[in-house]
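Only one structure is covered here, and it is reproduced in the block below.
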Amino acid sequence: MSYIKFKELAKYFDFKTEVPVDKLPEYALEYVSKKESVILAYKNLKDYIVFTDKKIILFDRDTLAVYYKKIHYIPYKSISTSAINFKPGKVELLFSLDSGYQLHINFIDMNHDKKESLKKAYKIMMDAII
């Protein structure tokens, strides 16, 4: 019998500020192909997350090394299960990937309109899986 230890892709990501597409850094847009469109983008102090109609692109920058960053490229078709949790002032997206990794993304300081925007983006993501 073999044992595979499952661990999270990243412990937690907390995003607060929505970013318009025209305000995204050039390096973030380099990962969006011409055949897809950006649905939603958020940032925190050091990281960005971009939701397109085909994938999630997560830019995980290390605060200790300015030039070090991980770029997670997650096609929606690789998501095996997902959940969206609405809490007062907060929304959580939980994903289980086919590889066994877990991804937990928090959106903080959310009002009703921001929650509705995220709910619409989540629906587009889930429609892409089917």
Side-chain angles (χ1 to χ4, degrees):
M1 176 188 252
S2 65
Y3 176 76
I4 299 173
K5 184 177 180 181
F6 295 107
K7 63 179 185 174
E8 291 183 315
L9 181 65
K11 287 209 172 217
Y12 293 97
F13 288 95
D14 290 332
F15 292 98
K16 182 177 182 178
T17 309
E18 187 173 350
V19 182
V21 176
D22 60 337
K23 300 288 186 193
L24 281 171
E26 187 62 36
Y27 71 84
L29 292 173
E30 289 175 3
Y31 291 89
V32 178
S33 77
K34 293 178 182 177
K35 296 179 182 177
E36 61 189 335
S37 59
V38 174
I39 301 169
L40 200 58
Y42 271 84
K43 73 174 187 171
N44 60 23
L45 289 176
K46 62 184 183 72
D47 304 322
Y48 281 91
I49 190 163
V50 178
F51 297 95
T52 73
D53 55 348
K54 297 188 186 312
K55 64 182 174 275
I56 299 170
I57 310 164
L58 179 60
F59 299 90
D60 182 10
R61 288 189 354 202
D62 189 344
T63 54
L64 301 176
V66 176
Y67 299 107
Y68 175 74
K69 75 179 118 178
K70 279 189 212 174
I71 300 168
H72 302 282
Y73 191 84
I74 305 159
Y76 296 140
K77 63 183 178 185
S78 72
I79 297 172
S80 55
T81 62
S82 68
I84 186 168
N85 295 331
F86 294 98
K87 296 181 177 182
K90 182 178 181 178
V91 176
E92 298 174 330
L93 290 178
L94 308 165
F95 298 107
S96 294
L97 307 178
D98 291 341
S99 62
Y101 286 104
Q102 305 290 310
L103 180 60
H104 188 146
I105 304 167
N106 296 319
F107 298 89
I108 56 177
D109 291 341
M110 301 290 286
N111 61 25
H112 177 73
D113 293 337
K114 289 180 180 178
K115 286 182 179 183
E116 285 299 314
S117 174
L118 200 54
K119 186 168 82 172
K120 288 177 187 174
Y122 181 76
K123 183 174 179 347
I124 292 170
M125 287 186 270
M126 295 305 100
D127 287 346
I129 292 173
I130 298 173

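None of these values were measured; they are calculated from a predicted model.
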Point-to-point distance, once rounded to the nearest 0.5 Å, from CE of Met110 to CD of Glu92 | 11.5 Å

Any chain of hydrophobic side-chain contacts (each under 4.5 Å) joining Met126 to Ile105?
-> yes

What class does the angle between the rings of Phe95 and Tyr122 fall in, given that below 30° is parallel, 30 to 60° is tilted and above 60° is perpendicular?
-> tilted

Going by the angle between their ring planes, with limits at 30° and 60°, are Phe51 and Phe107 parallel, tilted or perpendicular?
-> tilted

Any donor-acceptor N or O pair under 3.5 Å, side chains Tyr31, Thr52 = no

For the pair Lys46 (side chain) and Arg61 (backbone), establish whether a donor and an acceptor sit closer than 3.5 Å, ignoring hydrogens and angles.
-> yes

Compare every heavy atom of Ala128 with every heavy atom of Asp53, then report the nearest pair and how far apart it is.
-> O-CB, 3.8 Å

For the student: nearest non-hydrogen atoms of Tyr48 and Phe15, plus distance | C-CE2, 3.8 Å

Does NZ in Lys55 sit with more than 12 non-hydrogen atoms of other residues, nucleotides or ligands closer than 6.0 Å?
-> yes

Considering non-hydrogen atoms only, spot the tightest contact between Asp14 and Asn44 and give its length.
-> O-ND2, 2.9 Å

Hey, which of Asn106, Ile49, Leu58 is the one that makes side chain to side chain contact (heavy atoms under 4.5 Å, CB included) with Phe13?
-> Leu58

Examine distances only and state if a side-chain atom of Asp109 and a backbone atom of Lys16 form a donor-acceptor pair shorter than 3.5 Å.
-> no

Is there a donor-acceptor pair closer than 3.5 Å between any side-chain N or O of Ser80 and the backbone N or O of Ser96?
-> yes

Atom NZ in Lys54, atom OH in Tyr76: separation rounded to 0.5 Å?
-> 10.5 Å

What's the verdict on salt bridge (Lys or Arg N to Asp or Glu O under 4.0 Å) for Glu18 and Lys114, showing C-alpha distance, side-chain angles and the deciding distance?
-> CA-CA 9 Å; Glu18 187 173 350; Lys114 289 180 180 178; over 6 Å; no

Reported CG-to-CD1 distance for the pair Leu40 and Ile56, which is rounded to 0.5 angstrom = 11.0 Å

With the side chain counted from C-beta on, respond yes when Asp47 and Phe59 share a heavy-atom pair under 4.5 Å apart, and no when they do not.
-> no

In this structure, CD1 of Ile57 is separated from CD of Glu36 (nearest 0.5 Å) by 6.0 Å

Any Ile79 side-chain heavy atom under 4.5 Å of Leu97 side chain | yes

When rounded to the nearest 0.5 angstrom, what distance separates OG1 in Thr81 from CG in Asp98?
-> 9.5 Å

Side-chain heavy-atom pair His72, Leu103 within 4.5 angstrom cut-off = no

Distance, nearest 0.5 Å, that separates NZ of Lys115 from NZ of Lys120 = 15.5 Å

